[in-house]
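As C-alpha cells, the structure follows; a few thoughts come after it.
A note on names: the letters A, B, ... follow the listed sequences, proteins ahead of strands, and every chain is numbered from 1. Source: prediction; values computed, not measured.
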There are 2 protein chains.
Amino acid sequence: MADPQERLEQTIRVLKDKGCRLTPQRLAMLRILSKSEGHPSAEQIYEQIRADYPTTSLATIYKTLSLLKNMNEVFEITFASVGSHYDGNKPYPHPHLICTKCGQILDPEFGPLAGISQEISRQTGYKITHQQLIFFGLCPKCQKAGQAPE
Amino acid sequence: MADPQERLEQTIRVLKDKGCRLTPQRLAMLRILSKSEGHPSAEQIYEQIRADYPTTSLATIYKTLSLLKNMNEVFEITFASVGSHYDGNKPYPHPHLICTKCGQILDPEFGPLAGISQEISRQTGYKITHQQLIFFGLCPKCQKAGQAPE
DNA sequence: CATCTAATTGATAATGATTATTTATAGAAA
DNA sequence: TTTCTATAAATAATCATTATCAATTAGATG
C-alpha cells in the first residue's frame, strides 16, 4: 500500500494544477480515498463523509469521483455484480480478489503470472472459484477513426 | 469457438433434464446464444428475437438468461462500463478483449500467461491500454459461515 | 478586508438497466 | 376435457448513477 499522506498530497497537487477548488467536502473525500483500504463504494464514501459533513449530497460524491477518475487519481472497479468500488491509494489497474458472498475486495500480492490462483489462495485463505481477465484497448477501426470516445 | 449446433443440443438437453419447457421464444434465444459470436447484450438479443416473435417481452429475455446462467449454459460478462453481455457458446469464464470506444468484445486466443498483452495485440490489431484481472472466491469468514449466498 | 465570478454544492428529477409482480396462456398429465 | 403448473407478456418497481439548476462559496483581485 502506498503512503496515504503522500497520496493525499499528490492528489491535492493535481487538483490545484488543473485549477480545481479544494472544498472541505473534497478534502474529506481525498482523505478517505487516499487510504481506501476497503475499496469503498460511492455509498460507503457518502456515509463516511456525512459523519463530518452531514449535509453532503450523494451527487457531490459522484461528481468528485468522476473528476478524480479523469485525472487518474482514483481507480474504479466497475464489476457489475459488486457495483462500482473505488481505490484512491493505488489509482491504476491491478488484480483484485472478490468474495462472491460478502463482496469483500482485496488486493492480492502478485508476482509472476503462473500458478497464480493457488498462490493467492495460500496467501489470503480465499477459496478461489473463478477469475476474470479483461483486456481493454482500441480495436483497429476505432484507432483509425481517431475520434473522441463516445 | 465451439460448434453452435452441438451447444444448442447440449443446452436443450440440460433444459429438458431440469424439467423446463422448450417454448418457441426460448428456442429462438438458444439459437442466438449458441452462436453469440458478438457477445450480445440482453437488448441485442431482444431485438433479434423480435424479428421472428414480435410480441416477445424484454422481461422474458432476462428471465431466460437468468435461467441459463444458473445452469451454466450461458456466461455473463458483467463489466459495468459495457453493461452485461452474454456468451452461450463458451459458457464459462475466459479472458475478453473489449474496445473502450465502440464496446466490441472479442475472445483472444490465449496460450501461456507471459507477454500476453503484446501477443494479443499482435493477433487482433487492438491497441491495448489496460487490463483487469479479477479473482473470485469465498473469503475465510464466508467459508466458515457456510450459508447460502445473499 | 471586500468584492467578484466561476466552480462547486445540494436537492431533486431523470435515466436506464434489471427485477418483481400480476394476469393470461399453453402444454402435460389425469 | 379438465386440471395443474411453467411460462409469457405487460407493466410497475427498484436501484445505481447522471443530469439539472438554483444557491453557495473558494479563491483571485483590487
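- Atoms CZ (A/Arg26) and C1' (C/dT9) sit 9 Å apart, rounded to a whole Å.
- B/His94 and B/Phe75 have tilted rings, their planes meeting at an angle from 30° to 60° on a 0 to 90° scale.
- Contacts of B/Ser41 with the nucleic acid, taken as non-hydrogen atoms under 4.0 Å apart, are absent.
- Counting non-hydrogen atoms under 4.0 angstrom, A/Thr56 reaches the backbone sugars and phosphates but no base.
- Toward the 5′ end of DNA chain D lies the nearest nucleotide of B/Tyr53, the other residue of the pair A/Tyr62 and B/Tyr53 mapping further downstream.
- Rounded to whole Å, the distance from CD1 on B/Ile45 to P on C/dT18 is 10 Å.
- Per the geometry, CG belonging to B/Leu65 stands 15 Å off P belonging to C/dA17, to the nearest Å.
- Open room surrounds NZ on A/Lys127; 12 or fewer heavy atoms of other groups in view lie less than 6.0 Å from it.
- Between the side chain of A/Gln143 and the backbone N or O of A/Leu138, at least one donor-acceptor pair lies under 3.5 Å.
- In the 5' to 3' direction, nucleotides of DNA chain D lying under 4.0 Å from heavy atoms of chain B begin and end at D/dT5 to D/dT11.
- Counting to the nearest Å, the P atom of C/dA6 and the CZ atom of A/Arg21 are 10 Å from each other.
- A donor-acceptor contact shorter than 3.5 Å links the side chain of B/Arg7 to the backbone of B/Glu73.
- Residue-level contact check: B/Gln25 touches the backbone only, with heavy atoms under 4.0 Å from sugar-phosphate atoms and none from bases.
- Of the residues B/Thr60, B/Ile61, B/Thr56, the one that meets the side-chain contact (heavy atoms from CB on, under 4.5 Å) test with B/Leu58 is B/Ile61.
- Residue A/Thr23 places at least one side-chain N or O closer than 4.0 Å to OP1 or OP2 of C/dT9.
- Rounded to an integer number of Å, the gap from B/His85 NE2 to C/dA17 P is 10 Å.
- Here the closest heavy-atom approach between residue A/Ser57 and residue A/Tyr46 is recorded as C-CE1, 3.8 Å.
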